[in-house]
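The structure appears below as structure tokens.
Chain identifiers are assigned alphabetically (A, B, ...) following the order of the sequence lines, protein sequences preceding nucleic acid strands; residue numbering begins at 1 within each chain. Predicted, not measured: the structure shown is a model, and the values here were computed from it.
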Number of protein chains: 2
Amino acid sequence: MATMQDVARLARVSVSTVSYVLTGARPISQATRDKVLAAMAELEYQPNALARGLASRRSRILGLLLPMDERGLGATETAFVTGAAAAASTAGYHLVLAPIGVGDLDELRRLASQRMLDGALLMEVQLHDPRVDVLRELGVPLVLIGRTADTTGLSYVDIDFDRTVSEAVGHLVGLGHRRIVYVNHSADTIAEGYGPARRTRDAFTAAMVGHGLEPLMIPAEDSAAGGRAALVTALRQAPDLTAILAMNESAVFGLLGELAGHGRSVPHDVSVVSMVTSPHVAELATPALTAMNSPGSALGRLAIETLLRHVDSGDGEIHQQLLPCALEVRGSSGPPRGTAGEITQNQGPAVPDMEAARRRAATRRRA
Amino acid sequence: MATMQDVARLARVSVSTVSYVLTGARPISQATRDKVLAAMAELEYQPNALARGLASRRSRILGLLLPMDERGLGATETAFVTGAAAAASTAGYHLVLAPIGVGDLDELRRLASQRMLDGALLMEVQLHDPRVDVLRELGVPLVLIGRTADTTGLSYVDIDFDRTVSEAVGHLVGLGHRRIVYVNHSADTIAEGYGPARRTRDAFTAAMVGHGLEPLMIPAEDSAAGGRAALVTALRQAPDLTAILAMNESAVFGLLGELAGHGRSVPHDVSVVSMVTSPHVAELATPALTAMNSPGSALGRLAIETLLRHVDSGDGEIHQQLLPCALEVRGSSGPPRGTAGEITQNQGPAVPDMEAARRRAATRRRA
DNA sequence: GCGCTTAGTCGAAGCGTTTCGACTAACCGC
DNA sequence: GCGGTTAGTCGAAACGCTTCGACTAAGCGC
């Protein structure tokens, strides 16, 4: 393994000159630069990351604090991680994966104290997240994915729930729906102050009221069983519902199963729109789910860029940015039964979709 | 940030003594050790990971080479990563996440040449995986998750597909099924030589033949649409099928949808068993899927332990280990229509399951 | 043509560890 | 009581880089 010494010797310059070629910290003449680069190429030189980090007091490693539970990572989170990793790699940084949640504070403290991290990305942020305090105390720059209750002085990237919910509701109202039920995460989750659950709840209320409609929210456990239970509750509280907006990727499958069990076809009798859902998951359902695609990859990239700005420019100003999910109409939403839209076929799914049409036909046959 | 110097000064010993206390490389008297430890505690000393790595030529960082696509990580992979991260952390190692597939060889070469990695875990291993060659050439110890075509001299951990398939088939045959169809990954995937697809194909054939039954395999694209198409093909080729074994987590949902479309209830008319599937995903389906639970977390732990053995003991002997998936009976499998098992209820799902019973009843009502 | 800045390069001093050789003192067997 | 271990400690030399100060030559304004 060639070292900088070897390169310097071969190029007949000093080590510091080689270093300056590499870092650009001082001007180097074109002629010298060429000699050095040639020597590097010949030796297949690669700088030793550890030595570089030690001398420059920059590890070029960022921490990805990602609590992982048995449920696995959704496609949204995965896209986020992928986007972040790509952006980090482009910038010459590495990502260390630390499955550190709010309960592993000692682990976090150790990691951060070892001066191995130039900065950290916090995922699954709680409204009162102690990890933030630890990192701040240790002087590690950080960017949140999501938001704490008090975000003063904190940079974050997050989904724009207000806009996302508002667009989803707009889609359904535009199709002619009036009685729309919102299936959220569980009551406990909401009570705990889980941000997305709270924000979507409030946004749903605001959107419905804005349309002059009555908001009805049903909490559901994150499971198929939770979805089934939620549907039963929903039908009891609003027997005339024609559309369901779901925040809960796990529950939505149970919900669909139970709808079929009640003999209600989707989207003919009930439209279903799933929020913050990846295309792949949306396609798993039958019919495929109209969904609000989460901007996972873009969020990841943005988070890294924001974090690197802090790392490089000695912790300058903060950046707080929101990205909305994009509506993607698939087979699970359409005009409610007996509307003009139904007859003229003009307000059906915005994207012509043979597949969805086939499924709708099949569904009607059964109904 | 306290350094070793500070600790040494406070404890009135030399830096090397402090180092020996930390690493245990040489004996230190109890009295001295205590003094040093007290000084460390007082200063809240944490060794600098980079300096340590530079001096010892051990970064204590392992690479997790994890190609990530838009589909996200399944629960199996996530469990694997979690298990690996936990095991690494326990051993005092860190995991850097590198979304490096077989196409990013330059990226891999750079990462490995920077001497940042003590070893690497390769995920999504191809039968002919060029990443293996790159790492070997650069002298980086590695452990495969999965297997290449030629595994001589390579350590790996993998799922025991033979045993898993054999148990799944055994479960169905034990329930009384004779006409069992295997839905695999796509034909292209099999042709490419994707290990799990090939191995399960062969294992299925062997298991069926072993029971004196005719093996029928249908390939399917990894999507709901692929699953629907596969079912159509399956019903054409084997109209009398009573059970489906599916390898394809994505296709299985389309398959279930299409079964319902054809008026065949699960598990009454057709039993479905999904392979290498996590509990959470299995629960999403209606009815919940009988599945072979993948040993993700255990595999992760095992992989790290194996890798560390290589790293520590200067690349000793190789370890090749297989772990089977465990059968978990849920609502999607039962005895075929018209068997004794059906009548006596003795061969139903092994686990008494009110939920499944309820669903079966509901299903029958619709049929 | 004189001071002044600036481009370009070098040597050396770190960065915070580990590790090697050396040394002392105690202990062992005989 | 004498060579030979061994436990216990120290000082100094790496590890492979960055960065600081210093120096030489140009280039500039006037």
**Request:** Using a cut-off of strictly less than 4.0 Å between a heavy atom of the residue and any atom of DNA chain C, enumerate the qualifying residues of residues 43-57 of chain B by number.
**Result:** Tyr45(B), Gln46(B), Pro47(B), Asn48(B), Ala51(B), Arg52(B), Ala55(B), Ser56(B)

**Asked** Going by heavy atoms closer than 4.0 Å, what residues in residues 3-15 of chain B are next to DNA chain C?
**Response** Thr3(B), Met4(B)

Listed partners of [X] passing side-chain hydrogen bond (donor to acceptor under 3.5 Å, both in side chains), at least two apart:
X         : value
Arg115(B) : none
Ser89(B)  : Glu107(A)
Thr148(B) : none
Glu124(A) : none

**Prompt:** Do Ser19(B) and Ser16(B) have a side chain donor and acceptor closer than 3.5 Å?
**Reply:** no

**Asked** Distance only, no hydrogens: is a donor on one side chain within 3.5 Å (strictly under) of an acceptor on the other, for Gln321(A) and Thr306(A)?
**Response**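 Per modelled atom types, Gln321(A) and Thr306(A) side chains form a pair under 3.5 Å.
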
**Complete:** Here the salt bridge (Lys or Arg N to Asp or Glu O under 4.0 Å) pairs for residues 1-20 of chain B, sequence neighbours left out, are Asp6(B)-Arg9(B)

**Item:** chain B contact limits on DNA chain D, taken 5' to 3' with a cut-off of 4.0 angstrom to heavy atoms
**Value:** dA7(D) to dG16(D)

**Request:** Enumerate the residues from residues 23-36 of chain B whose closest heavy atom to DNA chain D is under 4.0 Å, giving them by residue number; use none for an empty result.
**Result:** Arg26(B), Pro27(B), Ile28(B), Ser29(B), Thr32(B)

**Asked** Is the shortest heavy-atom distance from the side chain of Val7(B) to the side chain of Leu43(B) under 4.5 Å?
**Response** yes

**Message:** So, using ring-ring contact (aromatic ring centres under 6.0 Å, His included) as the criterion, who are the partners of Tyr194(A) when residues are at least two apart?
**Reply:**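 Partners of Tyr194(A) under the ring-ring contact (aromatic ring centres under 6.0 Å, His included) test: His185(A).
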
**Prompt:** Does anything in residues 133-145 of chain B pair up under side chain to side chain donor-acceptor pair (under 3.5 Å), and if so which pairs, sequence neighbours excluded?
**Reply:**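 Counting only pairs at least two positions apart or across chains, the side chain to side chain donor-acceptor pair (under 3.5 Å) contacts touching residues 133-145 of chain B are Arg109(B)-Glu137(B).
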
**Asked** Could you give all pairs that pass the side chain to side chain donor-acceptor pair (under 3.5 Å) test and reach residues 33-43 of chain B, with sequence neighbours left out?
**Response** Gln30(B)-Asp34(B)

**Request:** Please step through salt bridge (charged side-chain N to carboxylate O under 4.0 Å, His left out) for the pair Asp312(A) and Arg58(A), ending with a clear verdict.
**Result:** CA-CA 10 Å; Asp312(A) 291 337; Arg58(A) 282 286 187 79; 3.6 Å; yes

**Asked** Start at the 5' end of DNA chain D and walk down; is the nucleotide closest to Ser19(A) or to Ser16(B) reached first?
**Response** Ser16(B)

